[in-house]
2 protein chains.
Amino acid sequence: MAYAVNALTTLADPTRRTIFERLAERPQAVGELANGLPVSRPAVSQHLKVLKAASLVTDRAEGTRHIYRIDPRGLGEIRKWLDQFWDASLEAFAAEIEKTESTT
Amino acid sequence: MAYAVNALTTLADPTRRTIFERLAERPQAVGELANGLPVSRPAVSQHLKVLKAASLVTDRAEGTRHIYRIDPRGLGEIRKWLDQFWDASLEAFAAEIEKTESTT
DNA sequence: TTACAGCGTAAGCCATGACTAACGGTAAGT
DNA sequence: ACTTACCGTTAGTCATGGCTTACGCTGTAA
């Protein structure tokens, strides 16, 4: 659950979300990502570090190039965390409607 | 989609997440929430304003008391946004595995 | 080994935003 | 009318975190 929280706060940053989207299309190297982004390469590197810590991406070294791609785990944790509130929300909603309408 | 982004950044704050959790259990007034939280009542009020703007909660006046409860809409937007990447992630994963194993 | 390409890290700056204290405004009770 | 309860808003302070610049490290090519 703490993982989901990390993943959530991680994706809260706009730049990080953009990076995540790009990697969702296809795995990419750091420099590749930096081009086409309004921030410097070190900035991308830092973001990738955070994304990796949240299990949202994985990296693989290919010579001096580091290829990053999406890690489904972080995404899954968020989903799990979200569904828990989704259920609670619907439950509360059902209770409220039952109390108001009582349409059996 | 912009809604989902708002909802996501909104739930990134720990205090706001806690408020959201409390409201998931049962609808509550502002003062009720403030008790049991390590922050002041105005702070809670501000957080509720943000949560409301992200369609994550709804409020209903009951005398001078303002009862807040979860709004499923904001939650739904996040889920929709998330699922889009969930699919992209699995797709990329499948492509990778297919390329590596090719176990038809 | 010399040179270059590709990244990660550290230090420092600056903007965003979370919090408190003080105030104003409305509803209910006496 | 006066008081009290309950809440929203504003102004101002302070910490968090994203960004850049500078530097160091590891491979690859000649």
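Per chain, numbering begins at 1; letters A, B, ... match sequence-line order.
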Using a cutoff of under 3.5 Å, can you pull out all pairs of nitrogen or oxygen atoms linking the protein to nucleotides 9-12 of chain C, with atom names and distances?
{"from": "dA10(C)", "atom 1": "N6", "to": "Gln46(A)", "atom 2": "NE2", "distance (Å)": "3.4"}

Sequence neighbours excluded, the answer for side chain to side chain donor-acceptor pair (under 3.5 Å) partners of Lys52(B) is Asp59(B)

Nearest-Å distance, CG (Leu33(B)) to P (dC19(C))?
14 Å

Separation of atom CD1 in Ile67(A) from atom C1' in dG8(C), rounded to whole Å
15 Å

At under 4.0 Å between heavy atoms, what does Ala29(B) touch on the DNA or RNA strands: base, sugar-phosphate, or nothing?
sugar-phosphate

Looking at residues at least two apart in the chain, or sitting in another chain, which of them share a side-chain contact (heavy atoms from CB on, under 4.5 Å) with Thr18(B)?
Arg22(B), Leu37(B)

Can you tell me how far P of dC7(C) sits from CD1 of Ile19(A), to the nearest Å?
13 Å

Do Leu48(B) and Leu33(B) come close enough that some side-chain heavy atom pair is under 4.5 Å?
yes

Along DNA chain D, 5' to 3', what are the outermost nucleotides having an atom less than 4.0 Å from a heavy atom of chain A?
dG18(D) to dT28(D)

Taking only N and O in the side chain of His47(B), is any of them less than 4.0 Å away from OP1 or OP2 of dA18(C)?
no

Which pairs, with at least one residue in residues 30-41 of chain A and sequence neighbours excluded, count as a salt bridge (Lys or Arg N to Asp or Glu O under 4.0 Å)?
Arg26(A)-Glu32(A), Glu32(A)-Arg65(A)

End-to-end bend of the helix from dT1(C)-dA30(D) to dT30(C)-dA1(D) (five-pair axes, 10° rounding)?
20°

Taking Ala12(A)'s backbone N and O only, do any of them form a donor-acceptor pair with Arg17(A)'s side chain (distance below 3.5 Å, no angle check)?
yes

How many whole angstroms separate atom CZ of Arg16(A) from atom C1' of dT16(C)?
14 Å

Establish, with yes or no, whether the OP1 or OP2 oxygen of dA18(C) is under 4.0 angstrom from a side-chain nitrogen or oxygen of Thr15(B).
no

Residues in side chain to side chain donor-acceptor pair (under 3.5 Å) contact with Arg16(A), at least two apart in sequence or another chain
His47(A)

Quick one: closest heavy-atom pair of Ile78(B) and Leu8(B), and the distance?
CD1-N, 4.0 Å

Who passes ring-ring contact (aromatic ring centres under 6.0 Å, His included) against Phe20(B), sequence neighbours left out?
Phe85(A)

Spacing between Asp59(B) atom CG and dT26(C) atom P, to the nearest angstrom:
17 Å

Which protein N or O atoms sit under 3.5 Å from an N or O of nucleotides 28-30 of chain C?
none

Could you state whether Ile70(A) and Leu82(B) fall into the same hydrophobic cluster, counting links through intermediate Ile, Leu, Val, Met, Phe, Trp or Tyr residues with side-chain heavy atoms under 4.5 angstrom apart?
yes

Nearest listed nucleotide, side chain of Val39(B), among dA18(C), dT20(C), dC7(C)
dT20(C)

Just the rounded figure in Å: distance from P of dA18(C) to CG of Leu37(B).
15 Å

Are OP1 or OP2 of dG8(C) and a side-chain N or O of Tyr68(A) less than 4.0 angstrom apart?
yes

Rounded to whole Å, the CG-P distance (Asp13(A) to dA15(C)) equals 17 Å

According to side chain to side chain donor-acceptor pair (under 3.5 Å), who are the partners of Arg79(A), at least two apart in sequence or on a separate chain?
Asp83(B)

